[in-house]
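Lettering follows sequence order; numbering is per chain, from 1. Given the structure is predicted, the values throughout are model-derived calculations rather than measurements. Hydrogens, waters and symmetry mates are skipped; everything else that's a heavy atom, side chains included, is used.
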Amino acid sequence: MPFTLATWNINSVRLREEIVLRLMREQAPDVLCLQECKSPVDKIPLEGFQALGYTHMVARGQKGYNGVAILSKIPMEDVSGYDYAELGHARHVAGKLANGVTIHNFYVPAGGDKPDRTINEKFGQKLDYLRDMQAGFLAEKPERAILVGDLNIAPREDDVWDHKKLLKVVSHTPIEVEALAAVQAAGDWVDVTRADIPEGKLYSWWSYRSPDWDTADKGRRLDHVWATPDIAGLASGSRVVRDVRGWEKPSDHAPVFATFDV
DNA sequence: ATGGTTGCCCAGCAA
């Protein structure tokens, strides 16, 4: 049975409950992975989600910051949660679906403004987090797994609006791109979005600070869908639903979708 | 080089 999955940095699930419901109604992914819920787990507004068929959830939360959740129409078991870099942040949750596929949902640290760990502790935390992800996947090779989330790195030149201008901007620096490539190699992860859409500019995030985000189109592809080689070939239909960035009271991220015929 | 916006919750940090 094929299922469709979406990943979306929601930037407060409580403030944006209405547009989560709208996405569920209009796009109806079977599995919806959220990041930056900014809510304790017991304060996530579940009633409306359940009424639309999303009766299963695994989540990690904290007050005010971070927070990840997987909402699913498919039964799902809570399988683990990593605290990479030992930050004490709610940045990872995983669920094993009844079809045997494990979903890892990550919110990688953004890394602050300056791409230099000697003067910016947050950048060091981001690199440490990526290093620990790499070690984790080397220690335990994932199988029949999908990794999604806001990885806060746009790896390719065509994942950003201007490669040269962003080489020293956190999210597109060579050291981050290399660290992300090491994570990907450690788990043999296939970049499903770029396997489906190999050519051309593709973004999933546009800053709130750009007044005319759609026309200016100074975006970055920070949100990713990866899969292990045993199921990556079953993926299709990848897309960024860009319109969502223009909905009322939007998140600064648009959701990324893929379908897996497992 | 700076400031541009938003969310948390009411100051200032994080993104």
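For A/Phe49, there are no ring-ring contact (aromatic ring centres under 6.0 Å, His included) partners at least two apart in sequence or on another chain. Scanning for side chain to side chain contact (heavy atoms under 4.5 Å, CB included) contacts around A/Leu138 gives A/Gln134, A/Ala186, with sequence neighbours left out.
Nucleotides B/dG4 and B/dA15 are separated by 14 Å at their C1' atoms, to the nearest Å. Look at the C1' atom in both B/dA14 and B/dC9: the space between them is 13 Å, to the nearest Å. Across B/dT2 and B/dT6, the matching P atoms stand 23 Å from one another, rounded to whole Å. Nucleotides B/dG3 and B/dC13 have their P atoms positioned 16 Å apart, rounded to a whole Å.
Each salt bridge (Lys or Arg N to Asp or Glu O under 4.0 Å) pair with one or both residues in residues 224-238 of chain A, not counting sequence neighbours, would appear here, but there are none. Screening residues 107-117 of chain A for side chain to side chain donor-acceptor pair (under 3.5 Å) gives A/Glu36-A/Tyr107, A/Asp116-A/Thr118, A/Arg117-A/Asp128 as the qualifying pairs, with residues at least two apart or on separate chains.
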What string of B, S and - do you get for nucleotides 7-15 of chain B, 5' to 3', if B is base contact, S is sugar-phosphate-only contact and - is no contact with any protein heavy atom under 4.0 Å?
-> SSS----SB
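Note: CG (A/Asp214) to P (B/dT5) measures 18 Å, nearest angstrom.
A salt bridge is absent between A/Asp214 and A/Arg245: the closest approach of a Lys/Arg side-chain nitrogen to an acidic carboxylate oxygen does not fall below 4.0 angstrom.
The hydrophobic cluster around A/Met1 extends to none of the other residues, as no ILVMFWY side-chain heavy atom falls under 4.5 Å of it.
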